[in-house]
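To start, the structure itself, in structure tokens.
Positions are given from 1, in the same order as the sequence printed here.
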Amino acid sequence: LRKKGFEGKFSDSSRCAGPHKNYRDAVKLLIKEGYHVVGIMETEHEAFSDIEGYFPMSLIEQKSSILDKKLLSVFFLIKCSLFIGQQSGPYSLPVHSGIPCLICDASSYRATTYDPHNLIIFKHYVVEETGKRLSDVEIYTKHQELAFGYNFTEKGIRMEPCTPEEIVEGVKETLARMRGKLRLSKEDELLCKKYYELPPKNMNSYYQRNRPPLAVLRRMKDELLSMKKGSVN
């Protein structure tokens, strides 16, 4: 979970994970489903230290003292069953190794994981003056400069992290896909199709076709289904 640059400039801090405790329920779910969870690099291990089945990197380093810790991190990134993290450098290793990735607290709506099967959960953009949370539909259709990653100050927009519930929804759907048990209804397929129409053609996300979990799309149902064809691009 990315923490580097949290106290720095906006472009760095915006790419960091939300509070790491927001990932506790997801970690517990993965362990319940039979996985071991390893926290590498900048993950705040204190948030998970009481969870049996979670392994901080420091503990693994003690058991594998002959191996360089950076090499250990690379090993876990290319040999794990599932990667959960942010839009940052490390995720490029698992995604290009064919490992399922769940990107959480994503700050840029233009970015993708280069594998259309991977899910991406964006941070929430909130209007400071009113407290209104902009939907993905509004961001892509009415505030494309925000989707490209600029004009936040000028528009009075702050970012809020993904919720624990959203992260768990992403984990559940990813596990279902990994196990060949993911089933989409006709309405789900339509919602996905509508979502894929949102990004403009000058964004990577238009071509790479990553999307949020189905549970998130279903909450946008009315907005997505009311879109007219060609209203964005």
Side-chain angles (χ1 to χ4, degrees), residues 14-15 18 22 84 86-87 91 95 100-177 181-233:
S14 66
R15 290 188 292 131
N22 286 1
I84 301 176
Q86 281 66 57
Q87 287 172 316
Y91 91 89
V95 75
C101 295
L102 172 61
I103 304 301
C104 301
D105 284 312
S107 60
S108 173
Y109 280 69
R110 74 180 186 276
T112 64
T113 72
Y114 302 100
D115 181 338
H117 295 104
N118 291 327
L119 299 179
I120 186 164
I121 312 176
F122 295 105
K123 287 184 176 178
H124 300 288
Y125 292 1
V126 179
V127 181
E128 288 273 14
E129 186 175 354
T130 63
K132 178 186 177 183
R133 179 181 288 180
L134 300 177
S135 70
D136 291 25
V137 175
E138 289 177 299
I139 290 167
Y140 279 122
T141 60
K142 298 179 181 178
H143 306 280
Q144 288 187 3
E145 68 272 42
L146 299 179
F148 276 108
Y150 63 92
N151 271 6
F152 288 88
T153 301
E154 293 80 354
K155 282 183 166 283
I157 302 295
R158 71 172 186 267
M159 289 187 185
E160 292 183 353
C162 300
T163 66
E165 293 76 18
E166 289 169 332
I167 298 169
V168 167
E169 289 166 352
V171 170
K172 286 181 176 179
E173 184 174 330
T174 301
L175 291 180
R177 179 175 71 82
K181 295 182 178 181
L182 182 61
R183 301 290 182 266
L184 274 66
S185 67
K186 291 293 184 182
E187 184 173 83
D188 288 336
E189 291 176 356
L190 179 58
L191 292 176
C192 291
K193 180 178 181 293
K194 288 287 190 178
Y195 191 87
Y196 296 146
E197 293 174 359
L198 283 174
K201 292 181 179 179
N202 55 348
M203 284 187 188
N204 285 344
S205 48
Y206 176 84
Y207 302 95
Q208 300 297 337
R209 302 225 162 183
N210 291 128
R211 61 167 176 81
L214 291 172
V216 175
L217 293 187
R218 290 166 186 159
R219 291 195 284 272
M220 301 182 211
K221 174 182 171 180
D222 291 343
E223 280 188 288
L224 288 171
L225 295 184
S226 65
M227 284 172 46
K228 294 181 180 179
K229 187 174 179 60
S231 62
V232 180
N233 299 323

To the closest 0.5 Å, what do you measure between [atom1] ([X]) and [atom2] ([Y])?
X: Q86; Y: I120; atom1: CD; atom2: CD1; answer: 10.5 Å
X: H124; Y: M159; atom1: NE2; atom2: CE; answer: 12.0 Å
X: E187; Y: C192; atom1: CD; atom2: SG; answer: 11.0 Å
X: L119; Y: T174; atom1: CG; atom2: OG1; answer: 4.0 Å
X: R219; Y: L191; atom1: CZ; atom2: CG; answer: 12.5 Å
X: N22; Y: D105; atom1: CG; atom2: CG; answer: 7.0 Å

Taking side chain as C-beta onward, heavy atoms only, is [X] less than 4.5 Å from [Y]?
X: S14; Y: F152; result: no
X: K172; Y: E169; result: no
X: L217; Y: P212; result: yes
X: N118; Y: I103; result: no
X: Q208; Y: T113; result: no

*asked:* Counting neighbours of NZ on K155 that are heavy atoms of other residues, nucleotides or ligands and sit closer than 6.0 Å, is the number greater than 12?
replied: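 Yes, the 6.0 Å shell around NZ holds more than 12 heavy atoms from other groups.
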_Within 6.0 angstrom of E129 CD, more than 12 heavy atoms from elsewhere_ =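 Open: at most 12 neighbouring heavy atoms sit under 6.0 Å from CD of E129.
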Under a 4.0 Å threshold between the charged nitrogen and the carboxylate oxygen, would [Y] count as salt-bridged to [X]?
X: E138; Y: K132; answer: yes
X: R183; Y: D188; answer: no
X: K193; Y: E189; answer: no

Between [X] and [Y], which heavy-atom pair has the shortest distance, and what is it?
X: P200; Y: Y206; result: O-CB, 3.2 Å
X: K123; Y: P161; result: CG-CA, 4.3 Å
X: G170; Y: P213; result: CA-CG, 3.7 Å

*For the pair V126 and L134, evaluate side chain to side chain contact (heavy atoms under 4.5 Å, CB included) and give the outcome as yes or no after the intermediate values.*
CA-CA 6 Å; V126 179; L134 300 177; over 6 Å; no
Hey, is the main chain of [Y] close enough, under 3.5 Å, to the side chain of [X] for a donor-acceptor pair?
X: Q87; Y: S108; value: yes
X: E166; Y: V216; value: no
X: E223; Y: M220; value: no
X: R110; Y: M203; value: no

_Could you go through L190 and K221, starting from their C-alpha distance and side-chain angles, then the distance that decides it, and tell me whether this counts as side chain to side chain contact (heavy atoms under 4.5 Å, CB included)?_
CA-CA 10 Å; L190 179 58; K221 174 182 171 180; over 6 Å; no
_Assess the residue pair Y125 and R133 against the criterion (side chain to side chain contact (heavy atoms under 4.5 Å, CB included)); give the C-alpha distance rounded to whole Å, side-chain angles, the decisive distance to 0.1 Å, and a yes or no._
CA-CA 6 Å; Y125 292 1; R133 179 181 288 180; over 6 Å; no
_Listed partners of R209 passing salt bridge (charged side-chain N to carboxylate O under 4.0 Å, His left out), at least two apart_ =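 With sequence neighbours excluded, R209 shows a salt bridge (charged side-chain N to carboxylate O under 4.0 Å, His left out) to no residue whatsoever.
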*Can you list the residues that meet the side-chain hydrogen bond (donor to acceptor under 3.5 Å, both in side chains) rule with D136, with sequence neighbours excluded?*
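D136 satisfies side-chain hydrogen bond (donor to acceptor under 3.5 Å, both in side chains) with Y109, Y195 only.
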*Return yes if a side-chain donor-acceptor contact under 3.5 Å exists between T112 and N204, otherwise no.*
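Their side chains do not contain a donor-acceptor pair, so the 3.5 Å distance test is not met.
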_Between L102 and I121, is the side chain to side chain contact (heavy atoms under 4.5 Å, CB included) condition met? List the steps._
CA-CA 8 Å; L102 172 61; I121 312 176; 4.1 Å; yes
